[in-house]
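Note that the numbering runs from 1 along the sequence shown for the chain. For the numbers below, each heavy atom of this structure counts, side chains included, while hydrogens, waters and symmetry mates do not.
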Amino acid sequence: MRNAALVLGAAVLSCAAPAFAAAPPPKLIVAISIDQFSANLFEQYRSQFRGGLARLAGEGVVFPNGYQSHAATETCPGHSTLLTGRHPAATGIVANTWFAPDGQKIYCVQDDGTTVPGREQGRGPANLRVSTLGEWLHAADPASRTVAVSGKDRAAIMMSGHDPAAVYWWDDERGFNTYVGPGQTAAARLLPVAAFNAEIERRWAKAPPQWRPTTRRCAALDGAQTYGALRLDHRVPPPLPRDGARPLRADPGFQRWLRASPELDRLTLALAEHLVDDFALGARGATDLLAVSLSATDYVGHRYGNQGPEMCEQLAQLDAMLGDFLARLDRRGRPYLVVLSADHGAMDAAERVAERGVPAQRLSGGKAWLAQLNERIRSELKLAYAPLFGDEQALYVSARADAAQRAKIVAAVKAALAGQPHLVAAYTRDEALAAKIPAARPADELSLLERVAESTDAQRSGDLQLIWQPYISYGQPEQPGDTIAGHGSPWNYDRRVPILFWWPGARGFEQSLPVETVDIAPTLAAVVGVATPAVDGVCRDLDRGAASTCALSKNRPDVRTP
């Protein structure tokens, strides 16, 4: 699919006059994703931001009511929408993992055509079925470069697309790593980060990083709470666990701590700045793209929930880090534009949600639930094999079933699930594929089936997709480091994200109408004057005056036909 996506981008692109009346056309687009940065968190802490988030929210164009409008609110699907303009139903990235017909689990960025230094399995964009903004820029001007960096491989790869100049993510054992494609060498691909990784090693050998508190208001949220069988004593800063028997980088406790701390984002932003200079981004005449996905907020949310002192401190420090990062970009004197959004939101741990008047619950789920369902259907239909595999969100019918058996199994499962406590709906893949969503339907008015439809692919999605009641947490955490809170539902706390645009001299405004993350790519394409392939999103006007940054875009809302 890599070549198909590139051909698509190259075939439809043509240069057009820039339509950006408020400032010189940017030569560098900085696309930032804060993993698990829900609109709820943005609203909760907005008045307390003083750094980069304050600059973007106070001076830029703010859409506080943005949506990842699909149902599969996970990292990989969400990132696949940010710079493609397409929903997961088109990108093919229906989840972080899905299942092949034989039951094999497939990771969204596993790629047999590449290798990753020090790893057994390749990583790459082979599963992404569409092109990205970076590819549109490169097709319009071969001198354009796309560079991506993240704490997660799937985030960096989804935002960078099929032909990046460089893409890096944090590898616990190696520092920042990358993938090596045909005709490339590991040494050349890793050269831009080799010195950076070595400097991290030297610095940590002298003094391990610590999570030091910066605000008293976060410490006021300290307290103990029980989640399943796990009792956490929330305090700032969380201790750095060490067993003392291994070097720091080889210590699993340190690796787990690092990911769920502000230090991961600090490293990511430091490397992003280094790569701006190493690749001369925005300084060579062409329009370049720097994609940065900041992952620590997601790890903090999963490990500690999002209403404790840990999340409060994480956002305070991230705000300050972004302020420093933007100030350093300012000093380089290159025209640039920033867009900031998120791949999904999240809910807090069910136990804390329940304390605030909401009927939240923690369920076990997992293999036992699926085993019981399998035994019921196998016995009812007198099958010689287990008919189902999958998880609480998607169920797949075994490849051993022929077409007639498959239909019977799906019908039997739907009937069995009809009495399942906490289950809202079970949609078949065919139901989702048949759903027709009007082009003018606002993201906040999509039905549950329509949200599922935006996440459904004929080859990769489950035979049945399950929707559970809101405010449910899965799993029973037992020890520190276990997940206590998550996301992945079709409910608005997982779907709503902020969308912010900023550039030097911006005449900012705020628009509270619902917009979608798939609107980001066509909006940016119009600003820099490149055409797009077919997209699901629309161009959003960023000019506060009578002019329109969407004047030449074919993706304007006023020319869309329902």
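A cation-pi arrangement is present between Lys152 and Tyr299 under the rule of less than 6.0 angstrom and at most 45 degrees off the ring axis.
A donor-acceptor distance shorter than 3.5 angstrom exists from the side chain of Ser295 to the backbone of Gly151, with no hydrogens or angles considered. A donor-acceptor contact shorter than 3.5 Å links the side chain of Ser160 to the backbone of Ile157. Proximity of a side-chain donor or acceptor of Ser341 to a complementary backbone N or O of Pro498 within less than 3.5 Å is detected. Of the possible donor and acceptor atoms, none in the side chain of Gln372 sits under 3.5 Å from a partner among the backbone N and O of Trp369. Side-chain atoms of Asn374 come within 3.5 Å of backbone atoms of Leu388 as a donor-acceptor pair (strictly under, hydrogens ignored). Of the possible polar contacts, one joining the Ser455 side chain to the Ala71 backbone as a donor-acceptor pair under 3.5 Å is found. A distance-only check finds no donor-acceptor pair linking the side chain of Asp343 to the backbone of Glu74 [under 3.5 Å]. A donor-acceptor contact shorter than 3.5 Å is absent between the side chain of Asp348 and the backbone of Val353. When atom types are taken as modelled, the side chain of Ser69 and the backbone of Ala443 share no donor-acceptor pair closer than 3.5 angstrom. Remark: the backbone N or O of Cys539 is not paired with any side-chain donor or acceptor of Arg556 at under 3.5 angstrom.
Qualifying ring-ring contact (aromatic ring centres under 6.0 Å, His included) partners for Tyr227, counting only residues two or more places apart in sequence or in other chains: His234. Scanning for side-chain contact (heavy atoms from CB on, under 4.5 Å) contacts around Tyr385 gives Leu383, Pro387, Ser398, Arg400, Ala401, Gln405, Ile409, with sequence neighbours left out. With sequence neighbours excluded, the residues that form a side-chain contact (heavy atoms from CB on, under 4.5 Å) with Val424 are Leu448, Ile467, Gln469, Trp491. Residues forming a side-chain contact (heavy atoms from CB on, under 4.5 Å) with Pro359 (at least two apart in sequence, or on another chain): none. Arg303 pairs by the salt bridge (charged side-chain N to carboxylate O under 4.0 Å, His left out) definition with nothing, not counting sequence neighbours. Residues passing the salt bridge (charged side-chain N to carboxylate O under 4.0 Å, His left out) test with Arg544: none are found, sequence neighbours excluded. Considering only residues two or more places apart in sequence or on other chains, Arg46 meets the salt bridge (charged side-chain N to carboxylate O under 4.0 Å, His left out) condition with Glu510. For Lys414, the salt bridge (charged side-chain N to carboxylate O under 4.0 Å, His left out) partners two or more places apart in sequence, or in a different chain, are Glu431. With sequence neighbours excluded, the residues forming a side-chain contact (heavy atoms from CB on, under 4.5 Å) with Thr73 are His344, Asp494, Arg495, listed by chain and number. Residues passing the ring-ring contact (aromatic ring centres under 6.0 Å, His included) test with His87, sequence neighbours excluded: none.
A donor and an acceptor atom, one from each side chain of Arg119 and Gln121, are nowhere located under 3.5 Å apart. Using modelled atom types, one finds a donor on one side chain and an acceptor on the other under 3.5 Å when comparing Tyr474 with Trp468. Defined by atom type and a distance below 3.5 Å, a donor-acceptor pair is missing between the side-chain atoms of Thr84 and Thr91. Ser473 and Gln361 share no side-chain donor-acceptor pair at under 3.5 Å. Under the 3.5 Å distance criterion, with hydrogens and angles disregarded, a donor-acceptor pair is assigned to the side chains of Thr532 and Asn555. A donor-acceptor contact closer than 3.5 angstrom links the side chains of His79 and Ser293.
A 4.5 Å side-chain heavy-atom check between Val300 and Arg259 finds every atom pair outside the cut-off. The shortest distance between side-chain heavy atoms of Trp170 and Leu264 falls below 4.5 Å. Contact annotation: the side chain of Leu395 approaches that of Val413 to within less than 4.5 Å [non-hydrogen atoms, C-beta and beyond]. Counting heavy atoms from C-beta outward, Phe501 and Leu524 have side chains that approach closer than 4.5 Å.
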Intermediate values then yes/no, salt bridge (Lys or Arg N to Asp or Glu O under 4.0 Å), Asp457 and Arg129: CA-CA 11 Å; Asp457 175 84; Arg129 288 177 169 160; 2.2 Å; yes
Worked check of side chain to side chain contact (heavy atoms under 4.5 Å, CB included) between Ile29 and Asp288: CA-CA 6 Å; Ile29 294 173; Asp288 297 319; over 6 Å; no
Steps toward side-chain hydrogen bond (donor to acceptor under 3.5 Å, both in side chains) verdict (Thr297, Gln36): CA-CA 6 Å; Thr297 302; Gln36 203 187 120; over 6 Å; no
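Scanning both residues, Val62 and Leu56, for their nearest heavy atoms gives CG2-O, 4.0 Å. Heavy atoms only, all atoms of each residue included: Ala342 and Ser33 are closest at CA-OG, 3.9 Å. Contact detail for Ser461 and Arg429: the closest heavy-atom pair is O-NH1, 2.8 Å.
Open room surrounds CG on Asp112; 12 or fewer heavy atoms of other groups in view lie less than 6.0 Å from it.
By the 30° and 60° cut-offs, the orientation of the rings of His487 relative to His302 is tilted.
Within the structure, salt bridge (Lys or Arg N to Asp or Glu O under 4.0 Å) pairs that include any residue of residues 379-391 do not occur (at least two apart or interchain). Residue pairs that meet the salt bridge (Lys or Arg N to Asp or Glu O under 4.0 Å) test with at least one member in residues 516-533, sequence neighbours left out, are Asp519-Arg540.
Electrostatic pairing of Arg378 and Glu375 counts as a salt bridge here, judged by a charged N lying under 4.0 Å from a carboxylate O.
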